Amino acid sequence: MKKLTFSQKCYKLLKKIPKGKVSTYKWIAEKLNTKAYQAVGNAIHKNKNLMIIPCYKVINNNGCLGGYSKGINKKIKLLKNEGIEIKNNKIDLKKYEWFSG
DNA sequence: TCGAATGACAGCG
DNA sequence: CGCTGTCATTCGA
């Protein structure tokens, strides 16, 4: 097991998100066995892997989109492109949240 | 509604 | 080289 940093682990997990599904910061942080929810956002924010990591699939626990380096508008577009319907800048977690630990 | 907590990175001295 | 502030959040009182 290589010693990956928090960010690295974060990216790996994000890449595991299937198409048409989304994930929350909380979900990721818990999977990483940590409580640094912000660290997840931080790792993605600084994102050096924005091109290989679907950060647009990561949203708040409230179903809010949260944010996106390239712009929240872009995020919405990408999500809709996957078949995810967005209402009032929010996502139906009940329908799209990824449950596959 | 507000503050604390948690992890990595950038900037400053 | 070491410390502080920041970041797209979340939980508890």
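In what follows, chains are A, B, ... by sequence order, proteins preceding strands, each numbered from 1. Keep in mind it's a predicted model, so treat the numbers as computed, not measured.
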Once you round it to whole Å, what is the distance between [atom2] of [N] and [atom1] of [X]?
| X | N | atom1 | atom2 | value |
| --- | --- | --- | --- | --- |
| K31(A) | dT6(B) | NZ | P | 21 Å |
| N62(A) | dC11(C) | CG | C1' | 12 Å |
| Q38(A) | dC11(C) | CD | P | 13 Å |
| H45(A) | dT6(C) | NE2 | P | 13 Å |
| N61(A) | dC11(C) | CG | C1' | 10 Å |
| I44(A) | dT6(C) | CD1 | P | 21 Å |
| K90(A) | dA8(C) | NZ | C1' | 16 Å |
| Y37(A) | dA4(B) | OH | P | 17 Å |

Nearest-nucleotide comparison on DNA chain C, the residue closer to the 5′ end among K26(A) and N42(A):
N42(A)
Taking the side chain of [X] as its heavy atoms from C-beta onward, which of [options] lies nearest to it?
| X | options | value |
| --- | --- | --- |
| F6(A) | dC9(B), dG7(B), dT10(C) | dG7(B) |
| K46(A) | dT6(C), dT10(C), dT6(B) | dT6(C) |
| S7(A) | dT9(C), dA8(B), dG7(B) | dA8(B) |
| A39(A) | dT10(C), dT6(B), dG7(B) | dG7(B) |

Complement of dT1(B), any strand, by Watson-Crick or G-U distances under 3.5 angstrom
dA13(C)
Nucleotide opposite dA8(C) in a Watson-Crick or G-U pair, distances under 3.5 Å
none
Residues K77(A) and N81(A): side-chain donor-acceptor under 3.5 angstrom:
no
Exactly one candidate in V58(A), I59(A), I17(A) meets side chain to side chain contact (heavy atoms under 4.5 Å, CB included) with V22(A); the answer is I59(A)
Find out whether D92(A) and K87(A) are in side-chain contact, i.e. whether some heavy atom of one side chain is under 4.5 Å from a heavy atom of the other.
yes
Could you check whether [X] gets within reach of a base, just the sugar-phosphate, or nothing at all, counting any heavy atom under 4.0 Å?
| X | value |
| --- | --- |
| T5(A) | nothing |
| Y25(A) | base |
| T24(A) | nothing |

Quick test of your reading: applying side-chain hydrogen bond (donor to acceptor under 3.5 Å, both in side chains), list the pairs with at least one residue in residues 63-73 of chain A, sequence neighbours left out, ordered by first then second residue.
N47(A)-S69(A)
Would you call K57(A) and E82(A) a salt bridge, taking side-chain N to carboxylate O under 4.0 Å as the test?
yes
